[in-house]
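Below is one structure, written out as structure tokens; comments come after it.
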Amino acid sequence: QKEVEQDPGPLSVPEGAIVSLNCTYSNSAFQYFMWYRQYSRKGPELLMYTYSSGNKEDGRFTAQVDKSSKYISLFIRDSQPSDSATYLCAMSSLQGAQKLVFGQGTRLTINP
Amino acid sequence: NAGVMQNPRHLVRRRGQEARLRCSPMKGHSHVYWYRQLPEEGLKFMVYLQKENIIDESGMPKERFSAEFPKEGPSILRIQQVVRGDSAAYFCASSPDRGLEAFFGQGTRLTVV
């Protein structure tokens, strides 16, 4: 069993829809949770990070962490075609960015 | 402020050759991380370095792979005697300290033929 599970998709939604992306994990030691966006042939770009459980909002993006269920989510409101990318969840049990454990990534397409 | 610079962007090597991948961290960043991304898979941690020190190499294959981050110059990931299974995208990231925000480079795509 992988430490972090993420549905690879692909996921295709119409412009303006609310997108929900999810990851589950098995390591209860994970404390830091991140979401990265990766455009084709580019490096990952950090979108959001959260510590422990709870919600965090940044513009159209909301990250949720439920440690009791070992489940994290990223919501994108008012989705735009420019949001089309692969979204990677990542998590760490150590303070800092080292040794992140990534999900497989979900390929998202927003259709105009 | 330039981002994390990796070169070359694309590298083709024949089986048995050596591959050298370079990473220049962002200005002021002294922590460097290397990750490998195989086709249709997420990124896998390889190694974490600070200047002149390897802090965590638990993700590095035991043989043929090595990494360094000298006092001067870029970080180098070296793969000796490459095999087809080494074909992947190799990403470098840097951070100013042990903070959460690591900035990734564009990656080096290694193809072994």
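Throughout, protein chains are lettered first and strands after them, A, B, ... in sequence-line order, and every chain is numbered starting at 1.
With a threshold of 4.5 angstrom between heavy atoms, A:P44 approaches chain B through its backbone and through its side chain. Interface remark: B:Q37 contributes side-chain atoms only to the contact with chain A (heavy atom separation under 4.5 Å).
Ring orientation note: the planes of B:Y35 and B:F45 are nearly perpendicular, at an angle over 60° on the 30°/60° scale. Taking the six-membered ring where the residue is Trp, B:F65 and B:Y90 present tilted rings, their angle falling between 30° and 60°.
Options A:R107, A:R41, A:E45 differ in how many heavy-atom pairs under 4.5 Å they form with chain B, and the most are formed by A:R41.
Among A:Y25, A:F102, A:Y71, the one residue that satisfies the ring pair (Phe, Tyr, Trp, His ring centres under 6.0 Å) test with A:F33 is A:Y25.
Residues A:P112 and A:P81 approach most closely at CG-CG, 4.1 Å, considering heavy atoms.
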